[in-house]
Each structure stands twice: as C-alpha cells, then as structure tokens.
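Everything quoted here is computed from the prediction, not taken from an experiment.
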Amino acid sequence: MTKPQSGVDSVVVESVTAAAYAIPTDAPEADGTLSWDSTTMILVQIRAGDRCGTGWTYGASVVADLVNRKLADIVVGAPAFDIPGRLQEMIAAIRNVGRRGVAGQAISAIDVALWDLKARLLQMPLCRLLGAARDDVAVYGSGGFTSYDDSELRGQLAHWIRLGLPRVKIKIGESWGTRVDRDLARMSLTREAVGDDVELYVDANGGYERKQAVRVMQAAKAFDVRWFEEPVSSDDLDGLRSVRDAVDADVAAGEYGYDLYYFQRMCQARAVDCLQIDATRCGGLSEWLRAAAVAAAHGLEVSGHCAPYLHLHVAAATPNFRHLEWFRDHVRIEQMCFDGAHDPVGGVLRPDTQAPGHGLELRPDDIERFRTH
C-alpha cells in the first residue's frame, strides 16, 4: 500500500449522499415474530478529495431521506478526520426526531462511511487504523427461517457445513411461540443434519413468554443448544435474566441497542451472557467500540449482529469479541453489492490488510435496478 498523502489530515468532506435499495429475497422468509419478502439497504457515500467512504444500514427507505435532507449538511465542509465531533453533532440534531430507529440507522451509516473514508485517505486497512486485536474473526451461519420446509433447511445447513462453519443458528418461536412442536422438530432436524461437533444456536426473536422459554430449553436438552437469542423480548430485562438463570445455553440480546444507556442497562441487569451489538443501529463503529467497552467493564464478550462485512474490521479490533453473525440475507446482499465480500474459510473471515478502508468496492451496476430513493 502507498503512504498517506501529504496534508491529507486537512481534507474536508465535500459531499454526502444516500440511496435506498429494496432487494427481494430469493424465497419467503420469516422468524418467530415477523415475515418479509425483501430487505432494504441504505447506502451512504462520503467524498473528500479523490477518496470515497462507504457505509450502510438496513431499514426503511426513509433513512436515505433523513441523511440527505438533515444530516448531510452537518458533515459537509467538516474535517474528514474529526469523526467524534460529527457524531455528537448528528446526535444533537435529531433530538426531537428520536434516536431509536430511523435516525439511529442514518447516523450509523454515516459514521461507518466516515471511518471508511478516513482509512482510505490514510491508505490503511480499517482494522489497522482502529488497532487490530486479532487476525481473523469467528463467524456462525445464521438463517434457518421458520418459513423454510425441511428440505430447504437441510440445504442451507449442508451449505454451511461445506464452508466449514463450526456453529449454526436457526429461527424458533414460530408464530409468537404457538408452534413449539415444530420448533423442537426443527431443532432435532438441525442437530441430525450438522452432527455432534457443530454448535447449535437458536433465536426466538422475542416470541416466547418467560417460563415457556425455559420449558422449551428443557424439552430441547438432547439437542445441546449453546446459544439462546432473545428468548423473550429484549426490552424485558428481568425476563432475560430469569431465563438466563434457568437454562444451560448462553442467553444473548442487544441487537436493538441504539445508545450506550441501552447497553449499560442490559449489562447491569445481568440479562445476557453475551451482548449483541449492531453497528448499523447503535451509532456506527464509533459507538460499537464504546458499547464493547461497556460490556468489557461487566465481564462480557460481544457478538456482531448481522451485516457481516460491515462489522468485520471493527470486530477484529475488539478485544472482548466472540463471533459475528454470517446472516443469510445480508451475506447475499453484501456479496451482490461489493467486490471483496468473500466466503469464510475454516469458520472465520479475515480482513483484507492489503486494501484500504473496509476493503470492499461497490458494484453500483449490480444494485441500481433495486433503487427506490
């Protein structure tokens, strides 16, 4: 890689643009509490000099409107390196909009793009700019939608095994916890398909009641479930704690965290064994690092929620990191949109340390037909 350009630290942001792309799924998808047939990616590009940083989030197309109409003016004209200042200004600007949801996603996508831009201006891989803690990042296969029939589920599991993934996750809590019989049957199928050497994870997406979640894990004891994600609503911290105290599997939640106070409350409540963080929601890479520090102060590891290629470099820079969710929907979209989004090898992804930024290059011609805004 080349050396940083002289005077690059004085470069200011020249433009911020956002666009939304609604990408259909290749089959109907559902979890315990929601079904969908498309996923919307909101892509943010920030330019300074001859460099462009790219960030993204997943949500509603209105996120792009918020970036273009309200937040872009905060970033344009500011020094490209001064990311903490821009983050605080954006948070202040959306006070009356509300940080949770759309505004948090917009801020997150901008923050990710700013970090990518900074690394590209310095001609450094992002993990080196942040300071790497490891050379590779453990991943787990995630999908196993409740809408899949047995054949589709077996096919997905077989694909993950061929890739050498040592841990896989399926959706349970079907129809708000009213199909426990099928949940157990699908766990049995999964254990049979992957064998005894692969860790089995399940995600109820908040579909169960507290004691129901405990009873399900008791009934599933023979399947050796290691990870129980959102057994009850992630807003029910007492419920998460009660399930955590009663089951052998690690209880996980945190993907809906939009600020540090959320993560602090979850950690203080001793609600989880592993804290999930999503940089496309929590405030980008800047707030991911701070949320991980909150978890570390409570003796917890963190796990990256979805968007695997966006999280790869910051995961590599996080000392108390456990693993990253290689989520079917987002893998498909990110591999469609970017060069450099490679499959894991031996159960891990490795950041490209020979490329600047997050190492991904946008393929606009491949996604333009899905553009909505």
Side-chain angles (χ1 to χ4, degrees), residues 11-24 38-80 82-83 85-121 126 258 278-288 306-307 309-311 314 329-330 333-334 336-339 341 357-358 360-373:
V11 172
V12 300
V13 172
E14 297 170 6
S15 68
V16 177
T17 58
Y21 304 89
I23 301 171
S38 69
T39 300
T40 299
M41 167 192 262
I42 300 89
L43 192 74
V44 172
Q45 293 189 292
I46 301 181
R47 290 178 168 80
D50 61 352
R51 307 295 182 193
C52 178
T54 302
W56 64 96
T57 186
Y58 295 97
S61 59
V62 70
V63 174
D65 294 330
L66 187 61
V67 172
N68 291 327
R69 298 180 183 182
K70 189 173 185 69
L71 298 179
D73 288 346
I74 294 172
V75 180
V76 172
D82 295 348
I83 301 173
R86 303 296 77 71
L87 178 63
Q88 294 309 307
E89 288 179 10
M90 289 190 290
I91 291 171
I94 54 88
R95 186 194 70 180
N96 291 342
V97 177
R99 185 168 173 183
R100 289 177 63 88
V102 168
Q105 292 164 349
I107 289 171
S108 298
I110 291 173
D111 182 87
V112 172
L114 284 170
W115 277 105
D116 184 44
L117 174 64
K118 183 174 182 177
R120 290 174 189 267
L121 286 166
L126 187 50
Y258 282 90
D278 188 332
T280 75
R281 295 172 177 168
C282 73
L285 308 187
S286 298
E287 293 294 79
W288 162 289
C306 293
Y309 299 100
L310 179 145
H311 283 112
V314 74
D329 274 7
H330 295 179
I333 291 171
E334 290 167 17
M336 179 190 303
C337 293
F338 299 107
D339 288 326
H358 48 48
L360 304 175
E361 297 299 331
L362 184 66
R363 298 201 302 263
D365 291 344
D366 290 336
I367 61 170
E368 193 59 31
R369 67 187 185 278
F370 302 115
R371 183 166 179 164
T372 61
H373 280 65

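- Side-chain contact between V314 and W115: absent, with no pair of heavy atoms (C-beta onward) separated by less than 4.5 Å.
- Side-chain contact between I367 and L362 is present, with at least one heavy-atom pair separated by less than 4.5 Å.
- The shortest heavy-atom contact between R363 and D366 is NE-OD2, 2.7 Å.
- Between the OG atom in S286 and the CD atom in Q88 there is a gap of 9.0 Å [rounded to 0.5 Å].
- Looking at S108, its side chain does come within 3.5 Å of a backbone N or O of G283 through a donor-acceptor pair.
- In this structure, L87 CG and I110 CD1 are separated by 10.0 Å, a value rounded to the nearest 0.5 Å.
- Between the side chain of R99 and the backbone N or O of C282 there is at least one donor-acceptor pair closer than 3.5 Å.
- A307 and E334 make their closest contact through CA-OE2, 3.2 Å (heavy atoms, listed as atom of the first residue, atom of the second, distance).
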Could you walk me through whether L114 and V13 pass side chain to side chain contact (heavy atoms under 4.5 Å, CB included), step by step?
-> CA-CA 9 Å; L114 284 170; V13 172; 4.2 Å; yes
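- L66 approaches A106 most closely through the heavy-atom pair CD2-CB, 4.0 Å.
- Residues T54 and E361 form no side-chain contact, since every pair of their non-hydrogen atoms from C-beta on lies 4.5 Å or further apart.
- Contact detail for A113 and G55: the closest heavy-atom pair is CB-N, 3.4 Å.
- Looking only at side-chain heavy atoms (C-beta outward), H358 and R120 come within less than 4.5 Å of each other.
- Considering CZ of R51 and CG of D116, their distance stands at 11.5 Å, rounded to 0.5 Å.
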In sequence, state the C-alpha distance, the side-chain angles, and the governing distance for Y58 and D329, and then conclude on side chain to side chain contact (heavy atoms under 4.5 Å, CB included).
-> CA-CA 11 Å; Y58 295 97; D329 274 7; over 6 Å; no
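- Nearest heavy atom pair, residue L121 against residue A80, reads CD1-CB, 3.8 Å.
- To the nearest 0.5 Å, atoms CE (M41) and OG1 (T57) are separated by 9.5 Å.
- The closest side-chain heavy-atom distance from V75 to M90 is below 4.5 Å.
- Two residues are said to be in side-chain contact when any heavy atoms from C-beta on lie closer than 4.5 Å; T280 and I42 fail this criterion.
- Between atom CZ of residue R369 and atom CD1 of residue I23 there is a gap of 8.5 Å, rounded to the nearest 0.5 Å.
- Checking side-chain atoms of N68 against main-chain N and O of A64 turns up a donor-acceptor pair under 3.5 Å.
- Looking at heavy atoms from C-beta onward, L285 lies out of side-chain contact with I83 at the 4.5 angstrom threshold.
- Of all heavy-atom pairs between V112 and G284, the closest is CG2-CA, 4.0 Å.
- Once rounded to the nearest 0.5 Å, the distance linking CG of D278 with OH of Y258 reads 8.0 Å.
- Between Y21 and W56, the gap from one ring centroid to the other reaches at least 6.0 Å.
- Side-chain contact check for I94 versus L71: some heavy-atom pair is nearer than 4.5 Å.
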